Asker: 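First the structure, then my questions, so here it is.
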Amino acid sequence: GAGVSQSPSNKVTEKGKDVELRCDPISGHTALYWYRQSLGQGLEFLIYFQGNSAPDKSGLPSDRFSAERTGGSVSTLTIQRTQQEDSAVYLCASSLAGATYNEQFFGPGTRLTVL
Amino acid sequence: QQQVKQSPQSLIVQKGGISIINCAYENTAFDYFPWYQQFPGKGPALLIAIRPDVSEKKEGRFTISFNKSAKQFSLHIMDSQPGDSATYFCAASKRGNQFYFGTGTSLTVIP
């Protein structure tokens with residue numbers, strides 16, 4: 001079956017512009033996670049959606065970052081007024097539920113470059 | 001504050017050798033410890049995971065050793081192969097609500 005998909009695969013933008021990154025989770029997966037992966041760094045947690053519960057936004061680095069999940073499926077991560085330090089690979093993952101032992105399936109990521 | 005510390009940053013192993021990657025954590029509330037494998041241009045993929053009620057889990061050539069009292073866990077890759085060359089991440093989670101990842105280990109297996 002189809003895995004997690006993300007679009008675009010690459011995004012180059014100018015400093016100060018807004019960008020939207022899209023994640024299509026695996027059908028039926030109720031939990032969705034966004035991470036940021038910078039060069040030489042691990043995966044930095046950004047935000048977590050579980051079903052209809054309020055999202056855990058504790059990882060968002062600033063108020064320029066926001067995310068929404070429509071209809072419990074597709075999610076969009078928005079970065080406003082992009083800065084050069086926002087350049088990274090943004091990864092999305094989904095899992096069947098938010099329980100402890102459910103495997104996260106990752107998408108291929110969106111590589112964001114801010115010039 | 002790095003919740004999960006991973007070492008080494010890079011590792012070079014001869015084909016057939018044993019690759020060992022170590023991780024340490026602080027939060028005793030963590031109850032799930034997965035390892036992920038990532039190839040260039042791909043997202044991470046779950047390799048093997050362990051819960052703190054067991055000290056070791058083995059799947060094929062991959063073994064996790066878990067030391068609850070020391071708050072450490074490690075990945076052992078037996079009979080390492082060139083196809084194992086990838087970046088490996090350890091992680092820890094509390095009830096699956098938020099995952100904390102290590103900084104990754106770049107493994108190169110030399111033929």
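Every value quoted in this text rests on a predicted model; they were computed, and no experiment measured them.
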Asker: Please round to the nearest 0.5 Å and tell me the distance separating atom CG of A/L21 and atom CG of A/L77.
Answerer: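 A/L21 CG to A/L77 CG: 5.0 Å, rounded to 0.5 Å.
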
Asker: Measure from the side-chain N and O atoms of A/R64 to the backbone N and O of A/I79, and report whether any donor-acceptor pair falls under 3.5 Å.
Answerer: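 Such a contact is absent between A/R64 side chain and A/I79 backbone.
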
Asker: Between A/S95 and A/Y33, is there a side-chain heavy-atom distance shorter than 4.5 Å?
Answerer: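 With C-beta onward as the side chain, the pair touches.
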
Asker: Any residues in residues 35-48 of chain B near chain A, with a heavy-atom distance under 4.5 Å, and which are they?
Answerer: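 Residues of residues 35-48 of chain B touching chain A at under 4.5 Å: B/Y36, B/Q38, B/G41, B/K42, B/G43, B/P44, B/L46.
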
Asker: Of the backbone (N, CA, C, O) and the side chain (C-beta and beyond), which part of A/L43 lies under 4.5 Å from a heavy atom of chain B, both, or neither?
Answerer: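 For A/L43, the contact with chain B is made by backbone and side chain together.
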
Asker: Within the distance-only criterion (no hydrogens, no angle test), does the side chain of B/S80 pair as donor or acceptor with the backbone N or O of B/G17 below 3.5 angstrom?
Answerer: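 At least one qualifying donor-acceptor pair exists.
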
Asker: Below 4.5 Å, heavy atoms only, C-beta onward: do B/N22 and B/Q72 meet side chain to side chain?
Answerer: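 In short, these two side chains do not touch, never coming nearer than 4.5 Å.
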
Asker: Is it the side chain or the backbone of A/S9 that comes within 4.5 Å of chain B heavy atoms, both, or neither?
Answerer: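 Interface part for A/S9: neither.
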
Asker: Starting at NZ of A/K57, measure out to CZ of A/F49 and round the result to the nearest 0.5 Å.
Answerer: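 Between A/K57 NZ and A/F49 CZ, I get 7.5 Å after rounding to 0.5 Å.
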
Asker: Would you check if A/L32 and A/S73 make a side-chain contact, meaning some heavy-atom pair closer than 4.5 Å?
Answerer: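 Not in contact.
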
Asker: Check for a donor-acceptor pair, side chain of B/T108 on one end and backbone N or O of B/I12 on the other, with a separation under 3.5 Å.
Answerer: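 Pair absent, no side-chain N/O of B/T108 close to backbone of B/I12.
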
Asker: If contact means a heavy atom pair closer than 4.5 Å, which residues of residues 104-115 of chain A contact chain B?
Answerer: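 The residues closer than 4.5 Å to chain B, in numerical order, are A/Q104, A/F106, A/G107, A/P108.
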
Asker: Quick one, B/P52 and B/F33 - any side-chain contact, counting heavy atoms below 4.5 Å?
Answerer: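 Heavy-atom side-chain distance check passes, below 4.5 Å.
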
Asker: Could you check whether any side-chain N or O of B/T105 sits under 3.5 Å from a backbone N or O of B/P8, counting only pairs where one atom can act as donor and the other as acceptor?
Answerer: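 Yes; judged by distance alone, with no hydrogens or angles, the pair exists.
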
